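Shown next, in structure tokens, is the structure this report addresses.
Keep in mind that what you see is a predicted model, and the values were worked out from it rather than measured.
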Amino acid sequence: MSETSVPRIDLDALFAGDPAQAAEVRRGATEVGFLVVTGGPIPPDRVASVIAAYRAFFALPEAEKRKVDMAATGSNRGWGGPRSEQVDPAANPDYKEVFDIGFEVPGSALPVHAPNLWPAQPAGFRAELEGYYAEARALALRLLGAVAAAIGEDPGFFADKFTQPMALLRGNYYPPRPDWAGEKDFGIAAHTDYGCLTLLASDGVPGLEVLTRAGDWLPVLAPPGSFVINFGEMLEIWTNARVRATPHRVVGTVAARISVPLFFNPDPGTNVAPLGSGRTILAVEHLQRRFDETYVHLQKAR
């Protein structure tokens with residue numbers, strides 16, 4: 001796989017039924033594990049506004065950000081400071097900051113449906129993120145329908161399985177890679193995503209790398225306003241490995257970088273065992289186990 005082999009999809013053509021675009025979705029889902037998409041219902045200026053909101057939050061003094069520190073919670077809501085996650089036990093904790101929100105279900109005891117934490121500033125931050133969160137979930141569900149069709153399943157298979165999704169919207173801030181960083185230091189170390197589909201926007205600064213089948217790390221470049229799509233462990237399990245979850249990482253460069261992934265995952269009680277297997281794997285059990293392994297404050301709580 002070379003960088004240019006990551007399929008590039010025109011969403012307007014795909015959603016209009018273009019068979020060539022559908023074939024590229026099939027290649028991306030079953031062979032590569034990644035897509036780059038342009039067009040569609042979320043315009044570039046909307047994405048730029050969201051990234052600007054995250055940039056303003058991450059620029060706040062640390063004391064302000066600590067008022068919504070997820071380390072004080074039993075979930076992944078709010079700000080996570082540098083080294084608050086460790087996706088690869090063989091690497092050091094990840095050198096980045098995050099801000100997470102998710103789908104709230106009042107009265108739920110599940111951490112995946114916990115209340116969100118909102119900072120007092122920057123102005124308009126909550127409204128900006130909540131609006132985009134709804135738009136991104138709707139687009140992710142349409143994309144899952146296209147993936148289902150690409151592997152020969154009913155395009156509507158996923159439609160009723162995301163009514164109270166375990167969908168996490170995140171802002172990642174990757175600072176410039178420090179001079180002291182060694183071979184075990186990463187913006188985010190090598191990992192596969194945990195859930196179904198990730199819809200990633202970024203400010204266009206390079207950094208994301210994917211692992212080829214030959215064992216090489218190669219960049220995925222996506223200009224501002226486009227999205228990188230990749231598939232996670234849960235969807236690989238659910239589809240009996242017809243869809244690939246591909247390892248990826250961010251090492252970090254001399255430039256700071258902001259990315260905005262939506263990690264789109266189904267309702268907690270959804271059975272994500274391989275279709276037709278007769279087994280039961282609850283989505284919430286898979287996802288919560290992976291969160292507990294990753295977030296440093298949840299590791300300490302175990």
Are [X] and [Y] connected, step by step, through hydrophobic side chains (Ile, Leu, Val, Met, Phe, Trp, Tyr) whose heavy atoms are closer than 4.5 Å?
X	Y	answer
Tyr174	Val251	no
Ile188	Tyr95	no
Tyr133	Leu117	yes
Val105	Leu110	yes

Between [X] and [Y], is any pair of side-chain heavy atoms under 4.5 Å apart?
X	Y	result
Lys96	Val98	yes
Glu85	Thr294	yes
Val260	Leu200	no
Leu129	Phe99	yes
Asp10	Leu14	no
Arg26	Ile151	no
Phe103	Gln164	yes
Tyr295	Met70	yes

For the atom pair [atom1] ([X]) and [atom2] ([Y]), what is the distance rounded to the nearest 0.5 Å?
X	Y	atom1	atom2	value
Tyr132	Leu139	OH	CG	8.0 Å
Ile281	Arg279	CD1	CZ	4.0 Å
Thr239	Arg244	OG1	CZ	11.5 Å
Leu141	Lys161	CG	NZ	10.5 Å
Leu275	Arg242	CG	CZ	6.0 Å
Ile258	Glu97	CD1	CD	9.5 Å

With a 4.0 Å cut-off, would you call [X] and [Y] a salt bridge?
X	Y	answer
Glu128	Arg46	yes
Arg77	Asp100	no
Arg177	Asp185	no
Lys65	Glu62	no
Arg27	Glu31	no

Phe231 ring center within less than 6.0 Å of Trp238 ring center: no
Less than 6.0 angstrom separating the ring centers of Phe57 and Trp118, yes or no? no
Yes or no on side-chain contact (heavy atoms from CB on, under 4.5 Å) for Asp203 and Arg55, after CA distance, side-chain angles and deciding distance? CA-CA 10 Å; Asp203 58 6; Arg55 182 173 286 114; 3.4 Å; yes
If you take all heavy atoms of [X] and [Y], which pair is closest and at what distance?
X	Y	answer
Ala189	Asp88	CB-CB, 3.7 Å
Pro165	Asp267	N-OD1, 3.4 Å
Asn116	Glu104	N-OE2, 2.6 Å
Thr198	Pro261	CG2-CB, 3.9 Å
Ala29	Val147	CB-CG1, 4.2 Å
Pro82	Trp79	CD-CZ2, 4.2 Å

Out of Phe264, Phe227, Phe263, which residue meets the side-chain contact (heavy atoms from CB on, under 4.5 Å) rule with Leu199? Phe227
Only one of Thr246, Leu208, Leu35, Asn230 forms a side-chain contact (heavy atoms from CB on, under 4.5 Å) with Val220, so which one is it? Leu208
Intermediate values then yes/no, side-chain contact (heavy atoms from CB on, under 4.5 Å), Val36 and Ile229: CA-CA 6 Å; Val36 174; Ile229 309 298; over 6 Å; no
Quick check against the 3.5 Å criterion: does [X] have a side-chain atom that pairs as donor or acceptor with the backbone of [Y]?
X	Y	result
Thr270	Val272	no
His286	Val284	no
Ser226	Pro223	yes
Glu236	Ala245	yes
Asp292	Leu298	no

Quiz item: cation-pi between [X] and [Y], 6.0 Å / 45°:
X	Y	value
Lys184	Phe186	no
Arg289	Phe291	no
Arg249	Trp217	yes

Under 3.5 Å, is there a donor-acceptor pair linking the side chains of Asp193 and His248? yes
Any chance you could lay out the side-chain contact (heavy atoms from CB on, under 4.5 Å) test for Arg257 and Ser202, step after step, and finish with the verdict? CA-CA 8 Å; Arg257 178 175 183 263; Ser202 80; 4.2 Å; yes
According to the interplanar angle, ranging from 0 to 90°, do the rings of Phe58 and Tyr54 count as parallel (below 30°), tilted (30 to 60°) or perpendicular (above 60°)? parallel
Decide yes or no on side-chain contact (heavy atoms from CB on, under 4.5 Å) for Ile42 and Glu135, but give the supporting numbers first. CA-CA 7 Å; Ile42 304 179; Glu135 295 167 16; 4.1 Å; yes
